Structures are given as C-alpha cells and as structure tokens.
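In this text, all values refer to a predicted model and were calculated from it rather than measured experimentally.
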There are 2 protein chains.
Amino acid sequence: MQAFRSRNKAGRATGRMTLKDVAVRAEVSLITASRALRGVGRVSPELAERVKEAAAALNYVPDPAARALASSHSMAVTVLVPTLNNPATGDLLEAVHAVLQDAGFQVLIGDTHYSREQEERLLRNYLSHRPRGLIVTGFDRSEESRGLIAGSGIPCVHVLELANTPGVYCVGFDQAKAGETMTRYLLEKGHRRIAFGAVIDPRSMLRAEGYRRAAKAAGTYDPGLEFLRAGYASIRMGAEIFAEAIERRPDIDAMFFSNDDLAHGALFTALRRGIQVPEQIAIAGFNNLEEGAYTVPPLTTIHTSRAGIGRRAAQMLLTLMRGEEVAEPVVDVGYELIVRESA
Amino acid sequence: MQAFRSRNKAGRATGRMTLKDVAVRAEVSLITASRALRGVGRVSPELAERVKEAAAALNYVPDPAARALASSHSMAVTVLVPTLNNPATGDLLEAVHAVLQDAGFQVLIGDTHYSREQEERLLRNYLSHRPRGLIVTGFDRSEESRGLIAGSGIPCVHVLELANTPGVYCVGFDQAKAGETMTRYLLEKGHRRIAFGAVIDPRSMLRAEGYRRAAKAAGTYDPGLEFLRAGYASIRMGAEIFAEAIERRPDIDAMFFSNDDLAHGALFTALRRGIQVPEQIAIAGFNNLEEGAYTVPPLTTIHTSRAGIGRRAAQMLLTLMRGEEVAEPVVDVGYELIVRESA
DNA sequence: GAATGTGAAGATAGCGCTAACACGCCCGCC
DNA sequence: GGCGGGCGTGTTAGCGCTATCTTCACATTC
C-alpha cells in the first residue's frame, strides 16, 4: 500500500517490493533472503525468521518471471483439455485445479477443441513457458506433439485413457471395456438390435470398439446400427441422431450412446413422440451426469469418476514434479454400470 | 530439434535458442533482432527480413519469463470466474479464450468458487504475474479485492453484470431487469402466486430483486414464496427446491427459477409426479441452456448470450490493453424472453 | 558549409531472482 | 597443532530479454 523504494539510476523499476528490500530490512544478504523464503539450503532459524518477518512486513510477493528466468522453470502446470464446454471437463478441471492450486502451482488451461493441430500449437506455446508439469487428455495426438512432450523432459500425466507403455503415466479407465460392459448388459437384457450413437472423438471411438467387441461376440453386430457424427456432443445432436436412427432402422430395440448428453436428447425425443422407453426401445448413456438420475425414465449409464481422475492425476503429477518415483504409473479408477429404468 | 549452442562459462544455460542465437545468425545486434521480431522501433526491411528468417530457421521461441522481467509486463490475461462447473461459464470462457488466444495472449483461468476470500487470494496470486489484463465476474467482491484491481493499474473488464461507475468497464446485461421481465410475463399470463427459486449467488440475487420489483408492483409479493438455498445450482437442487415449494405452498401457480438447471430439476419432478406444467403450475428458468428446448414441456426462459459477452469483453480488453479509448465502456448485450410451453 | 535534424543501428545497463562457487568458522580427528 | 570437513553465509555472475542512451551516416536547412 505504501513504502516507496529508492530507485536505480535507470529508473526502470516496477514499484513493487523486491527481494532486495526484504534482505535490507532483515539485514541479511540477498541470497540468504532467497533461501530463507524458499526454504532451501541451510539458513539458521533466527535469520530465517527475520527474513520472513521482513517479507511479511513489506508485503513482499516474489516475481514469478524473475524466478522462472533465474531458475529456468516456473511454478506453472499446463492442462490440455479437448473442450471447456462440457460438464465432464468441468469436473475434471475443478479437481485438478484444486489440488495443484493448493500445492502452490499455477494452472494454465488450454482448450484443444478436439483438434490435433490445435493441440500441437498449444503445446508449442505453453511449453515455451517452461511449465513444471503437464496434464494432457488421452493418447490421440500427432507425432509432433508426442515429440514435443517427450523432448521437453517435463513430467506428463495422461488422463481419461489408459496405456501400458513404459514411462507413460496415466489415470483413467478402460473406455473400450466400459463400452463393452454396457453393450453386454443390453445383450443380457435380451436386446438384439442394439444401435450405437456417438459423435466422433477419441474416447467415443474407444467405447465404440467395446460396443463392437460385445456385439460381435454375441453375433449381433451390424455396421448399419452405428450412427456416428462429427461435431460436439449435445442434447440437440442426440435428438437428431436418435431421430435418424429410428427412422432408418425401425427395428432397433436398444440404443447405446457414447455420452449422456446424446442419450438425454434421445430420451426427450422418445418422450415427445410417445415412444416407450425401455419397452419399445431401451436407451443407455455414458458418464452418469447428474441429470440422468432425474430424466423420465431415469437413465441407465456408466458412471465415471471425472473428479477422481482429476485428483489422482494432479497428485501423481505432484509426485513426479518432486522427482519422486510413482508407485503406480497406470491408475485405473474403474467405472460402474448404473442400472436405472431406461434400460 | 537439434542445433546445440555454445554455452557460457557458468553452464547455466537452458538449451534452447535465444535471441542471441538469432542475432548471430542474422548478423545483427541483439537489440535489432529484438526490435525486428517485435515489430517495434525502426528496423530496415532487409534486416527485419533477415532476422525473421534466422528466427524461423532456428525455431526460435521467445522466453516469456525473460520478456516479462525485462519489460515488466507479460502476455497473460487473467480471467476470474465463480465456477468452472457450469455450462454458462464454459460458453463464456470458450469465447474469451478464443479471442485472446488469437491475439497472442495467454489466458489464466481462476476459479473463485463464489467466494470473496478465494477471489482475493487468487487476485493477489495472479496479479503477482503482472498480467496485461483482467476479466472478472460481476461486482460483488471484497473491498480489498477492489483495491487490488484498482491499484494494479491493469485494465479490467467486468462481465455478466452492468454498472454505471465512471472508469469501470463492463459487458453484460441488466440481471435485475431480466428477472423483472420474466416475472412480469408470468403475471401477464394471469399467475398470481409466483414462487421464486434460486441458489444464493450474486447474479441470482439480482434476478431476485427484479422478481420482487415486479411482484410488488403487481401487489402479489409474498416473501413466503421465495425459496433460496446455499450451494451450487444443479438439477438435484432444483428438484429439491421444487418439492419443498409445492409442499409448503400448494397454492403456487407458477415458479420462476433463477437458473435453467434448477428449472429442469423442477420439470423432471413435475413430470414424475404427474403435475401438469403449465396447467397446474407454470415453470420458468433463466439462461436458455440448450436442453431447455427439448424438455417436456419445453422451458420458458431468458436467453442470455454468454458467448457474446465473452467475445465482447475480450475485445474490449484488447482495446484497453492497446491503450486505446473504449467507445462504449458499458456494453449491454441484452437478453431475450424465450416463451415455450412450460409457462 | 557549418549547424541541425532524422532515422537506423548498436552498446550498455539493468529487470528480480537463483545457481555456483567462495569464504570464514567451529568441530573433531590423528 | 594442523587439517579436512561440514555448515552457515556472502559474492559473483548470469538467466534472456528490453529500455534507454549513444553513435553514426546521411539528408536538410539557412
């Protein structure tokens, strides 16, 4: 608020308190002040105390840019997500943010819009800030991006998907197996003509794989039952996909959507058109968004723990950034089949 | 990818290309390279060209930390939102992000969790990074926070709400008036016992004001018809509020929720319990989230342009950061009453 | 034709901080 | 009694870039 500082000849000062002001007030050298505040190296308790008092009195806040420049690494962590416009992403980010923020890190969020090119661009840009850590979504990316990540030497945790490559850290669950689980459930319930609806994105395509696996194993697989679209998952998109599906294939007796949003759209459409769910056609989703418990009928879906993934990933990254060993480089948080009335 | 650099005695180099490497390759001085790449000052076209070529050849990326340190400002913009877990926030952030990213800025997103203390903490933290600009949500904040913003001298744009204080820049709409518009509409439709449901947060409270204004003007105001809760807006919360409302006040003939999520919860509950909407009770929401067009019955709501607000705010901030005059410091993007079948 | 002005380029000095090394000092050891 | 060896502290030299001042060539003015 007050407390002016005497300024150097050049007059290029920024006006705020610097470490030097703290050092002067505490009557120690610059480096001792630095060490005391960072808690590194050996500083006697008395001096450390004096420095901290001085810093508090002067309301000193370290300059992250100077810190980054001198130490050649920042306190920033970059998180790359495929979209910001999605409740699942929101859950994940909230959790990541909370954990990293508490640990004193700055979280930089990048939105790739499900584009490899955009991801590469963002990676290049964010990496120039020398973040201390990296969290990226899944494994679908350009070779260039992969190279940038590996070449940066920055600890990186992959979220949502799982991989068994040595040296790769990830927190997620088996998307394909989850898709398979749901399809199997529908098969067990006696459904034979199970359609699959999705927007084309990496996770959805993994779920599609699971769907195909189960359908093929049951001998019911029919490519004509797959309804895939480009674009973003939304209620509207789900309504459209569902309308198209029942028109083109009136024989469908169940439909599995790779995403709750899509399933909600289908549910609304069914309700409006008087199509009985699940009697005429069963509907299932994926993610277990909150509203699924309230729709009419409530939605059968796969529960995924976005917040849990975010938390675990952030914690794993913290460990990696400390330079410690990670006991479990691949964390499978699992998923859960939530059976409600829609299927 | 390759190209090692000879290193200084201290051996403290970071391994990446520096401006010096570019200058050497282009056979110009350091400062000329700097000027050429930044496009400031006077550099002859030939030299500028040579520098740019050298930079491209070396795959040079400027170090933001060094830049920030030397020039005492960064290329970062801080955006503070009350929650990440909300489709409306997602829309806004996407738009802000897109505009600022294109202009070469780094977007730092902070999540205040609707807490003044948290906002203050974040402000202190983010301000230490010397961001070039600031976007904050609304006007409800601590005196300390206000002081931090004003004292920082950093251009700041407020979003979602409007204010007429000189020197304050904002992009939003009149939340109270929007609440009033909806309430008036319900009154016009002949409803007399209009309940109001909301979670307690600044914007909702402004909408509540509008609700009260209209109800009082019509002589129908009854404090017992307000159902406010602490917490986050959600479908579940809406279902709970609605259940409580109709139990405590079975005479309610309409209910206006400050938020579409809440209204959806109410709609689902009504559907499940066989309550006719709008015949027995009309339901209205706020925000015009996508799904409102698909619910049964479709939701009457207030359309707000989150993406538009984000875009305009980012553009205004860009202007301010260039040091230019802003023609219109208060941008009212308005809102629109969307009449559907629920009311 | 000397004084003045006008770019274009460079030299220099930091921005605020930390890494690396240097220096005392006290301890214990043979 | 001398000597290695921690340990606490300080000195120095940057990190990679930009602000500021200077220089210098060349054009302009009376």
Without decimals, in angstroms, what is the distance between [X] [atom1] and [N] [atom2]?
| X | N | atom1 | atom2 | result |
| --- | --- | --- | --- | --- |
| A/L58 | C/dG16 | CG | P | 14 Å |
| B/L19 | D/dG14 | CG | P | 18 Å |
| B/L30 | D/dA19 | CG | P | 13 Å |
| A/L69 | D/dG14 | CG | P | 14 Å |
| B/I31 | C/dC15 | CD1 | C1' | 14 Å |
| A/K20 | C/dG14 | NZ | P | 10 Å |
| B/L47 | C/dG7 | CG | P | 17 Å |
| A/H129 | D/dC17 | NE2 | P | 13 Å |

Taking the six-membered ring for Trp and the single ring otherwise, decide whether the centroids of A/H158 and A/F139 are under 6.0 Å apart.
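Here the rings of A/F139 and A/H158 have centres that are less than 6.0 Å from each other.
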Side chain of [X] - closest among [options]:
| X | options | answer |
| --- | --- | --- |
| B/D63 | C/dG16, D/dT9, D/dC17 | D/dC17 |
| B/A66 | C/dA9, C/dG10, D/dC17 | D/dC17 |
| B/A70 | D/dT9, C/dA20, D/dT18 | D/dT18 |
| B/P62 | D/dC17, C/dT18, C/dG16 | D/dC17 |

Can you confirm whether the side chains of [X] and [Y] place a donor and an acceptor under 3.5 Å from each other?
| X | Y | result |
| --- | --- | --- |
| B/E324 | B/T319 | no |
| A/T83 | A/N86 | no |
| B/S145 | B/S142 | yes |

Give a yes/no on whether any side-chain N or O of [X] is located under 4.0 angstrom from OP1 or OP2 of [N].
| X | N | answer |
| --- | --- | --- |
| A/S29 | D/dG10 | yes |
| B/T32 | C/dA9 | no |
| A/S72 | D/dC15 | no |
| B/R42 | C/dG7 | no |
| B/S71 | C/dC15 | no |
| A/S44 | D/dC7 | no |
| B/R35 | C/dG7 | no |
| B/R38 | D/dA19 | yes |

Backbone N or O of B/S128 within a donor-acceptor pair of the A/R16 side chain at under 3.5 Å?
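Yes.
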Passing option when B/R121 is tested against B/E117, B/Q118, B/E119 for side-chain hydrogen bond (donor to acceptor under 3.5 Å, both in side chains)
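Option passing the side-chain hydrogen bond (donor to acceptor under 3.5 Å, both in side chains) with B/R121: B/Q118.
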Pick the closest DNA chain D nucleotide for B/V40 and for B/A65 by heavy atoms, then say which residue is nearer the 5' end.
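Nearest-nucleotide comparison on DNA chain D picks B/A65.
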